[in-house]
Amino acid sequence: MKIDICEKSFSPWALLQEYEQEVLDPLYAGQYGAATVFSGTMREFNEGDGVTGMLLEHYPGMTDRYLEKISAEAAARWELLDTLIVHRVGLMMPNDPIVLVAAWSAHRGEAFEAARYLIEALKSRAPFWKKEQLEEGERWVAHNTPA
Amino acid sequence: MKIDICEKSFSPWALLQEYEQEVLDPLYAGQYGAATVFSGTMREFNEGDGVTGMLLEHYPGMTDRYLEKISAEAAARWELLDTLIVHRVGLMMPNDPIVLVAAWSAHRGEAFEAARYLIEALKSRAPFWKKEQLEEGERWVAHNTPA
Amino acid sequence: MIQVRFFASLREEMGREGVELDAAVATTIGEVWERVAEGKERPSNLLMARNMDYSDAGTPVSDGDEVAFFPPVTGG
Amino acid sequence: MIQVRFFASLREEMGREGVELDAAVATTIGEVWERVAEGKERPSNLLMARNMDYSDAGTPVSDGDEVAFFPPVTGG
């Protein structure tokens, strides 16, 4: 169960490759039949406007606490081998990865439901805020789109 | 929309990295906010028995046809930017990746639903068959577990 | 001719990958099975395809078709 | 003392990241808001945390607590 709040650009796929090799395989090689992954990427448009950059603010300490809490909730609710949550903070550009969640399980149903839970819970409770830079000025994103 | 039936071991994460860089980004950089991925890996146990190897047989031609059909169904049903399906055939070992499905969309709900649809439809209709090598003898897998 | 193919456990039970059948002796997939199955009853969960599309026992067949019989699929 | 913190658009509206408040002047998070908000009405969608746990206006506070106010979260 790993949580990472990341100030630099990251590659979700390179992180997953590394995490499986270094963490999952030594513990669970041959046991995880299923991994479900969600990767969220910065779009260059939102609500009809072009977005040229984005500043991601968070509440250090509380963010970690809630990502751990959410991961523990998923682990209690589904039979999982492991979970991973990575979230970018700071200034980012369109097409930069923002968030990665992954859930490993013996079976696919649990992996799918847990990954969906992780991203929905993160979006509704983890204290992150997005400020978009538009062609003219900037604005705080008012709320997340419901699932 | 890519389909790949693969006779050698593959890395799902390396394939995704390559596919985003070479196919998605030139067409859709800044447009895909969401990717949902399912990676299925060979377990070393099934129905209580140890499995030491697995032979994956398929119906060449019909397999491609159904993976394309399933991808087209997902594209018709959800607003997707792209999908990818990779499936291993031939002889494989525990911890080898078997299947990868991915769906890219502007929004997460569609990516999740489409990825789930792709793997369920693949499991119920694509003509693949697994023969497990056990410590004593071998056996055909009789049917897939329902979702 | 009709090309008949067997896959997976059914291929092993039949002891062959397939057989060619004179198109004159069968008008449906069900009849193809009767001609090639050597008395073996059709399993209730048997899947059938005509020209690589799922079909059923009543599907008509004609000269040049490929007909396949196989057990439930177990990919993914 | 109670450490009070503001985040995101609220931090900008308040014109500061936070403030220290004498613990004697507030017994709940709602009272903390009234002491630090300089007359600004509490937004209906305002989120509140005490020691990094979501709380509400009625949650008691005591000396040494960290209280945070912020708008709806928009991560992921």
Side-chain angles (χ1 to χ4, degrees), chain B residues 3 5-6 38-43 46-47 51 54-70 85-90 92 97-101 115-132 137-147, chain C residues 1-21 23 26 28-33 35-38 40-76:
Chain B
I3 298 299
I5 294 166
C6 188
F38 176 78
S39 165
T41 306
M42 185 185 156
R43 285 182 284 120
N46 192 25
E47 298 182 8
V51 183
M54 192 159 71
L55 187 67
L56 238 149
E57 181 174 330
H58 74 126
Y59 183 173
M62 183 165 169
T63 320
D64 310 65
R65 189 178 167 77
Y66 271 79
L67 296 184
E68 278 164 21
K69 196 189 278 269
I70 287 163
I85 302 180
V86 182
H87 202 292
R88 177 82 181 275
V89 293
M92 69 192 65
I98 303 174
V99 63
L100 165 67
V101 308
R116 187 72 195 258
Y117 179 82
L118 291 175
I119 187 67
E120 299 306 331
L122 182 156
K123 281 185 172 265
S124 69
R125 287 190 281 152
F128 294 102
W129 301 274
K130 288 177 180 143
K131 188 178 197 177
E132 294 174 338
E138 47 185 26
R139 69 176 171 208
W140 290 96
V141 175
H143 50 77
N144 269 333
T145 323
Chain C
M1 301 297 276
I2 293 168
Q3 298 291 333
V4 183
R5 304 182 68 178
F6 306 118
F7 288 95
S9 56
L10 185 68
R11 174 176 47 72
E12 290 183 348
E13 284 164 33
M14 294 307 211
R16 51 186 177 176
E17 297 199 345
V19 57
E20 290 205 328
L21 186 70
T28 64
I29 292 188
E31 288 174 21
V32 170
W33 174 266
R35 291 287 173 177
V36 300
E38 297 167 346
K40 183 177 157 63
E41 205 179 327
R42 208 168 71 217
S44 61
N45 61 2
L46 185 74
L47 297 175
M48 297 163 244
R50 176 181 161 272
N51 297 335
M52 301 185 181
D53 266 325
Y54 283 106
S55 305
D56 56 42
T59 303
V61 291
S62 52
D63 195 29
D65 280 357
E66 175 169 304
V67 170
F69 297 103
F70 46 81
V73 300
T74 57

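Order of the sequence lines fixes the chain letters, A, B, ..., with proteins taken first and strands second; residue numbering starts at 1 for each chain.
- Met62(B) has its side chain out of reach of Glu66(C): every pair of non-hydrogen atoms, C-beta onward, lies at least 4.5 Å apart.
- For the options Ile98(B), Val141(B), Leu56(B), heavy-atom pairs under 4.5 Å to chain C are most numerous at Val141(B).
- One N or O on the side chain of Lys130(B) and one on the backbone of Gly76(C) form a donor-acceptor pair closer than 3.5 Å.
- The shortest non-hydrogen separation linking Tyr59(B) to Ala68(C) is CE1-CB, 3.4 Å.
- No side-chain heavy atom of Thr74(C) sits less than 4.5 Å from a side-chain heavy atom of Glu132(B).
- Heavy atoms of Thr145(B) lying under 4.5 Å from chain C are absent altogether.
- Proximity to chain B (any heavy atom under 4.5 Å) is shown, for Asn45(C), by neither the backbone nor the side chain.
- Both the backbone and the side chain of Lys123(B) come within contact range of chain C, each with at least one heavy atom under 4.5 Å from a heavy atom of that chain.
- Judged purely by atom type and a 3.5 angstrom limit, Trp129(B) has no side-chain atom pairing as donor or acceptor with the backbone of Ser9(C).
- A pairwise comparison of heavy atoms in Val73(C) and Arg125(B) identifies CG2-N, 4.0 Å as the closest pair.
- Here the shortest heavy-atom pairing between Ala142(B) and Pro72(C) reads O-CB, 3.8 Å.
- Environment of CZ in Arg65(B): crowded, with over 12 heavy atoms of neighbouring residues, nucleotides or ligands closer than 6.0 Å.
- Here the shortest heavy-atom pairing between Tyr66(B) and Met52(C) reads CE1-O, 3.2 Å.
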